[in-house]
Peer 1: 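First the structure, then my questions, so here it is.
Keep in mind the model is a prediction, meaning the values are calculated, not measured. We number each residue from 1, following the sequence as shown.
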Amino acid sequence: SAGRFCRPFSARFAKERNSNYANQREVRTLNYKITADSTCDLSPELLEQYGLGLTPLYVQLGEKTYRDGVDIFPDDIYAHVANGGDLATTAAVNLADYVRLFSDLSRKYDFVIHICISSDFSCCYQNAKLAAEEIGGIYVVDSRTLSSGIGHLAIEAAIMAQDETKTGQEIFDYVTSLVDRLNVSFVINSVNYLYKGGRCSGVAAVGANLLKLKPLIEVHSGKMDMAGKYRGNMKDVVKKYILDRLTLPDIKFKRDRIFVTCTCTDYDLPNYAKEIVESLGLFDEVLITIAGSTVTSHCGKDTLGILYIMA
């Protein structure tokens, strides 16, 4: 009201007012946004719970280009390949996309943490870094991994950012320190997609399918390597795989959560895997996520992995 601005002005009032303004500045909450490439494979519920944003990679299917998780999904890829089509190929988020995203976010937030798929798998990180340098206030993390390994980093960033005293640089440093502690692996049910993608020979593919061999893929330090193989039906393989990964002597985990991430079209196999993990009592949360188009394009249906952070 007008009367408020007509009150007598005094030195004491000015001192109190300035002191109040100073206190407000000291306790001011920094606005932030945590974003990640669509390859983080987090569920819509987890994205909402932690307030995370996604940047879609591009997926080429036939003659058309789509945005991962926006207008193409794994079932589209399965149907296309089953009908005789070529495998989908993926392309990075381009520089212009990142510039638009970061420019928009920088007007709304004090800082942004963006987590990319490994720079060894894609040029997303390089493009995001270039865009961030043009704008400022953007911290880009090279996850050196894929799938819900990226998801772990995004959630850890979101949790730390809830502490109002933390700066963007502190969150970036902490998340970066977790990269080498990620344990990311998958068991592949069928090598058909690896064969179609040129990652194994036709002879090897036929032999693997006849012998029911399931390759074990590990992702570490930005590289994806075959670390072994299992034999048998997928449920038996999944049980042995989980026990092999989680019952090693002297192994220590960050207990907060573990992801069971798969390219399954129903929840039978991931629920079975979740029950096995829960029976070990090693983690506070066992979270099932369905992988998006990137992992699907390379590994095919019924690939399953457990992804966690080492202590």
Peer 1: Say whether, by atom type as modelled, one donor and one acceptor occur between the side chain of S106 and the main chain of S103 under 3.5 angstrom.
Peer 2: yes
Peer 1: Are any of the side-chain heavy atoms of V286 and F259 separated by less than 4.5 Å?
Peer 2: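 A side-chain contact is absent here, since even the closest heavy-atom pair is not under 4.5 Å.
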Peer 1: Within the supplied structure, the quantity of interest is the number of heavy atoms (other residues, nucleotides, ligands) at a distance under 6.0 Å from H220 NE2; does it exceed 12?
Peer 2: no
Peer 1: Assess whether a salt bridge exists between K223 and D120, defined as any Lys/Arg side-chain N lying under 4.0 Å from an Asp/Glu carboxylate O.
Peer 2: yes
Peer 1: Under 4.0 Å between a Lys/Arg side-chain N and an Asp/Glu carboxylate O for D236 and R231?
Peer 2: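 Not counted as a salt bridge, because no side-chain N and carboxylate O are separated by less than 4.0 Å.
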Peer 1: Go through the side-chain N and O atoms of S118 and S143 and say whether any donor and acceptor fall under 3.5 Å apart.
Peer 2: no
Peer 1: Determine whether Y58 and Y66 make a side-chain contact, defined as any pair of heavy atoms from C-beta on separated by less than 4.5 Å.
Peer 2: no
Peer 1: Tell me whether V237 shares a hydrophobic cluster with Y267, the cluster being built from Ile, Leu, Val, Met, Phe, Trp, Tyr side chains joined at under 4.5 Å.
Peer 2: yes
Peer 1: Could you check whether any side-chain heavy atom of L216 comes within less than 4.5 Å of a side-chain heavy atom of S185, counting everything from C-beta outward?
Peer 2: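 Answer yes - side chains close enough.
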Peer 1: Can you sort out the partners of Y98 under ring pair (Phe, Tyr, Trp, His ring centres under 6.0 Å), two or more places apart, ordered by chain and number?
Peer 2: F102, H114
Peer 1: Salt bridge check, R257 against E156: does any charged N sit closer than 4.0 Å to a carboxylate O?
Peer 2: yes
Peer 1: Between Y272 and V260, is any pair of side-chain heavy atoms under 4.5 Å apart?
Peer 2: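 No, their side chains stay 4.5 Å or more apart.
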Peer 1: Within 45 degrees of the axis of the six-membered ring of Y230 and under 6.0 Å from its centre: does K214 put its NZ or CZ there?
Peer 2: no
Peer 1: When you measure from the centre of the six-membered ring of Y78, is the NZ or CZ of K301 closer than 6.0 Å and no more than 45° off the axis?
Peer 2: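 Positive - K301 is close enough to the ring of Y78 and near enough to its axis.
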Peer 1: Do the side chain of Q60 and the main chain of G62 share a donor and acceptor less than 3.5 angstrom apart?
Peer 2: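 Yes: the side chain of Q60 pairs with the backbone of G62.
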Peer 1: Less than 4.5 Å apart, any side-chain heavy atom of C116 and any of V140?
Peer 2: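 C116 vs V140: side chains touch.
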Peer 1: May I ask you to check whether over 12 heavy atoms, not counting those of E278, lie within 6.0 Å of atom CD?
Peer 2: yes
Peer 1: Salt bridge or not for D256 and K254, using N-O below 4.0 Å?
Peer 2: yes
Peer 1: Return a table of donor-acceptor pairs under 3.5 angstrom between the side chains of residues 302-310 and protein atoms on other chains or two or more places apart.
Peer 2:
unit_1, atom_1, unit_2, atom_2, d
T303, OG1, C299, O, 3.3
T303, OG1, G300, O, 3.4
Y308, OH, N183, OD1, 3.4
Y308, OH, N183, ND2, 3.4
Y308, OH, R245, O, 3.4

Peer 1: So do the side chains of M226 and I217 get within less than 4.5 Å of each other, counting heavy atoms only?
Peer 2: yes
Peer 1: Are D244 and K240 ion-paired here, with the side-chain N under 4.0 Å from a carboxylate O?
Peer 2: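 Between K240 and D244 there is a salt bridge, with a charged N closer than 4.0 Å to a carboxylate O.
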Peer 1: Hey, are D41 and T261 close enough side-chain-wise for a donor-acceptor pair under 3.5 Å?
Peer 2: no
Peer 1: Report the distance from atom CG of L54 to atom OG of S38, rounding to the nearest 0.5 Å.
Peer 2: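 Between L54 CG and S38 OG, I get 6.5 Å after rounding to 0.5 Å.
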Peer 1: How far does SG of C124 sit from CG of L57, to the nearest 0.5 angstrom?
Peer 2: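 The distance works out to 4.0 Å.
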Peer 1: With a 4.5 Å limit on heavy-atom distance, are the side chains of V238 and V187 in contact?
Peer 2: no
